[in-house]
Asker: 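Before anything else, here's the structure in question.
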There are 2 protein chains.
Amino acid sequence: MSVQERKQRELAERERLIVATARELAEQQGWDAVTTRRLAERIEYSQPVLYSHFRGKREIIGAVALEGATELAAAVRAATAEAGSPRARVVALGRAYLDFAAANPAAYDALFQLDGGLLFANEATPEPLKDAFAALLETLCEVAGDGVEPGMFTEVFWASLHGLATLGRAGRLLPEDAEPRLELLVDRLAVS
Amino acid sequence: MSVQERKQRELAERERLIVATARELAEQQGWDAVTTRRLAERIEYSQPVLYSHFRGKREIIGAVALEGATELAAAVRAATAEAGSPRARVVALGRAYLDFAAANPAAYDALFQLDGGLLFANEATPEPLKDAFAALLETLCEVAGDGVEPGMFTEVFWASLHGLATLGRAGRLLPEDAEPRLELLVDRLAVS
DNA sequence: TCGGTTGTCTAGCGGTGCTAGAATCGAGGC
DNA sequence: GCCTCGATTCTAGCACCGCTAGACAACCGA
């Protein structure tokens with residue numbers, strides 16, 4: 001069995017290498033630069049090897065997305081844990097979210113802009129995605145306000161952050177107002 | 001001169017045909033299906049003809065985006081004109097915006113998701129884009145609240161709508177809560 | 001009717017995601 | 001230690017992409 005175990009380990013290792021390399025390449029040069037040929041060359045295997053791990057490019061994007069979701073959830077939880085008041089927690093959450101999107105555009109795009117073949121708002125949603133939403137919900141349910149369903153409030157707050165993140169990064173918002181935009185959003189949306 | 005005039009008219013007509021066909025195809029089958037070959041076939045010309053009107057596919061997307069921006073601005077203005085109170089105007093604005101995004105996904109994507117080579121938040125921004133933002137600003141400046149810069153408030157409100165539109169359409173939000181989400185957003189963000 | 005310009009097409013470039021079938025490698029039996 | 005055979009990896013190629021050079025045809029003005 002030891003031989004098979006070693007092979008399995010090597011296979012898993014190579015799969016991690018593929019995902020990490022795809023993400024690295026995407027962060028460096030954008031997802032357009034992530035072609036199966038370039039990716040194969042970087043991992044020093046031939047193209048078809050990719051297809052023994054993933055059904056296609058879409059699944060590779062999906063794998064990067066799941067990795068990103070895990071990191072996003074961790075970043076949000078770390079930021080909110082340090083803050084004192086509910087309002088400070090929400091500001092920290094928003095800042096952590098926007099910082100993550102700005103610092104990891106490729107991972108963020110894999111999650112929310114590109115088609116990684118992932119399901120959302122559904123029982124078949126992968127665990128990391130549900131957990132990322134849960135990380136938002138944990139802090140935001142404190143400030144949803146009376147009579148407002150926390151899940152729905154979280155969707156609205158999340159959508160607002162998503163809009164700020166994507167429009168901001170695409171150069172469609174004035175860069176210098178990033179901070180006041182977040183403050184305004186928190187002050188108006190959160191009930192404390 | 002009449003011959004040249006006729007030729008110019010025909011050229012302009014064909015350009016409109018290209019843009020309309022590209023948009024139609026994108027609305028029917030998504031932007032992925034809009035290839036230069038298919039587009040050329042639909043307008044019953046050969047591929048290179050497209051390149052005598054536009055520098056490339058990106059510029060065609062940009063043309064659809066400008067068309068969409070004009071329609072979006074008109075839709076928002078028509079909806080807000082009918083409403084009585086400031087709050088009702090903002091709700092109407094939000095609904096018109098989200099309805100436009102849902103009913104014209106290809107045009108909306110050309111505007112805000114794809115790279116149409118257009119500039120934003122800049123003096124070189126094309127007129128239709130500035131006007132669409134202005135259409136939002138006209139209604140939203142009423143409810144920005146004291147001491148809040150209307151332009152910045154509009155950016156935040158717009159980003160929130162954009163987030164709801166994109167995440168909603170991608171199936172990342174619960175469909176049945178679309179209306180309460182808009183109501184919540186307006187009640188919290190708008191000061192009346 | 002002809003000459004020349006203008007416009008359009010055919011054909012092809014290098015690239016994409018993906019795959020069939022050949023070739024190679026390595027584990028296990030003798 | 002060799003040899004067989006199955007698993008693994010590669011080479012080569014598919015159909016398609018955006019885009020363009022150069023051949024060709026059509027039309028306008030003389």
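Keep in mind that what you see is a predicted model, and the values were worked out from it rather than measured. Chain naming here is simple, since letters A, B, ... match the order of the sequence lines and numbering starts at 1 in each.
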Asker: May I have the distance from A:H53 (atom NE2) to D:dT8 (atom P), rounded to whole angstrom?
Answerer: 10 Å
Asker: What is the distance, to the nearest angstrom, from the CD atom on B:Q47 to the C1' atom on C:dG7?
Answerer: 17 Å
Asker: Nearest-Å distance, CZ (A:R55) to C1' (C:dC18)?
Answerer: 14 Å
Asker: Could you check whether B:R14 gets within reach of a base, just the sugar-phosphate, or nothing at all, counting any heavy atom under 4.0 Å?
Answerer: sugar-phosphate
Asker: Can you see if the side chain of A:T35 gets near the phosphate of C:dT16 - specifically, an N or O under 4.0 Å from OP1 or OP2?
Answerer: yes
Asker: Without decimals, in angstroms, what is the distance between B:E10 CD and C:dT8 C1'?
Answerer: 14 Å
Asker: Which nucleotide in the set D:dT9, C:dC9, D:dC17 lies at the smallest distance from any side-chain heavy atom of B:R38?
Answerer: D:dC17
Asker: Assign each of A:D32 and A:P48 to its nearest nucleotide of DNA chain C by heavy atoms, then name whichever residue's nucleotide is nearer the 5' end.
Answerer: A:D32
Asker: When you check the gap from the basic side-chain N to the acidic O, do A:K57 and A:D115 get nearer than 4.0 Å?
Answerer: no
Asker: If the cut-off is 4.0 Å, is A:T36 near the phosphate of C:dC18, judged by side-chain N/O to OP1 or OP2?
Answerer: no
Asker: Could you check how far OH of A:Y51 sits from P of D:dT11, rounded to whole Å?
Answerer: 16 Å
Asker: Decide, yes or no, whether a salt bridge links A:R23 with A:E71 under the criterion of side-chain N to carboxylate O below 4.0 Å.
Answerer: yes
Asker: Any salt bridge between A:E13 and A:R16, counting N to O under 4.0 Å?
Answerer: yes
Asker: Where the side chain of A:V49 is defined as all heavy atoms beyond and including C-beta, which of D:dA21, D:dC17, D:dT9 is the nearest nucleotide?
Answerer: D:dT9
Asker: Given atom OH of B:Y45 and atom P of C:dC9, what is their separation to the nearest angstrom?
Answerer: 7 Å
Asker: C:dG15 P sits how many Å from A:R37 CZ, rounded?
Answerer: 9 Å
Asker: Under 6.0 Å between the ring centres of B:Y45 and B:H53?
Answerer: no
Asker: In whole Å, I'd like the distance from the CG atom of A:L25 to the P atom of C:dT16.
Answerer: 11 Å
Asker: Is the shortest distance from a Lys or Arg side-chain nitrogen in B:E155 or A:R172 to a carboxylate oxygen in the other one below 4.0 Å?
Answerer: no
